[in-house]
Visitor: 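Encoded as structure tokens, here's the structure I'll be asking about.
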Amino acid sequence: MSEQLHPMAPHHLPFYLASGSEVDTLMVVMGLFLVGAVFWVGTLYWRLHSLPERMAHKSQKLQFEIVAVLGLISLFTHIHAFWVAGLLLALIDIPDFGTPLRSIADSVEKIADRDSGDETGRVNGEAVLDPSKAEPVLREHHNA
């Protein structure tokens, strides 16, 4: 049985169509393009997903950790509200209350160490739990 082409069929195939025994070049190129596109979209997704963490990286450690946890929760639960909350938290600059309070506490501690033995309930640098033992120190202080 000989294959005869229909009289209206073209006598040559376009470059992107392969005959039965050849490698389909278009399919190979499109397969590579699809794999590359999937990797590109995946990296774009990961960059977008880590946006709040990268923004909060410049802020305080506690704020960064909260944003990172919200990002992980949104990644594993697919609840996008956690991601939005992490993004909003990363955008807000939380004031640092810890440093001034720590400075005040250090200053008060230095003042307390300098004044030890002066009506503070300390005798020779040691805290006195019984007020009756602190009376001689108070009397000596008033007599001096």
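If you're wondering where the values come from, they're calculated on a predicted model, not measured in any experiment.
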Visitor: Going by heavy atoms in the side chains, are Leu87 and Phe82 under 4.5 Å from each other?
Guide: no
Visitor: Mind checking salt bridge (Lys or Arg N to Asp or Glu O under 4.0 Å) for Lys110 and listing every partner two or more places apart, or none if nothing turns up?
Guide: none
Visitor: Within the 4.5 Å heavy-atom criterion, are Pro52 and Val67 side-chain neighbours or not?
Guide: yes
Visitor: Would you give the length of the straight line joining atom OG1 of Thr25 to atom CE of Met30, rounded to the nearest 0.5 angstrom?
Guide: 13.0 Å
Visitor: Counting only heavy atoms not in His49 (residues, nucleotides, ligands), do more than 12 fall under 6.0 Å from its NE2?
Guide: yes
Visitor: What distance separates Leu26 CG from Phe33 CZ, expressed to the nearest 0.5 Å?
Guide: 12.0 Å
Visitor: Starting from Val23, walk the hydrophobic network (Ile, Leu, Val, Met, Phe, Trp, Tyr; side-chain heavy atoms closer than 4.5 Å) and list everyone else you reach, by chain and number.
Guide: Val28, Leu32
Visitor: With no hydrogens and no angle check, is any side-chain donor or acceptor of Gln63 less than 3.5 Å from a backbone partner on Ala56?
Guide: no
Visitor: Check whether Arg54 reaches the backbone of Arg47 with its side chain - one donor and one acceptor, N or O, closer than 3.5 Å.
Guide: yes
Visitor: Got a sec: does the CG of Asp106 have more than 12 other heavy atoms crowding it under 6.0 Å?
Guide: yes
Visitor: So, does Ser103 use its side chain to make a donor-acceptor pair with the main chain of Thr99 at under 3.5 Å?
Guide: no
Visitor: Which pairs, with at least one residue in residues 59-76 and sequence neighbours excluded, count as a salt bridge (Lys or Arg N to Asp or Glu O under 4.0 Å)?
Guide: Lys61-Glu65
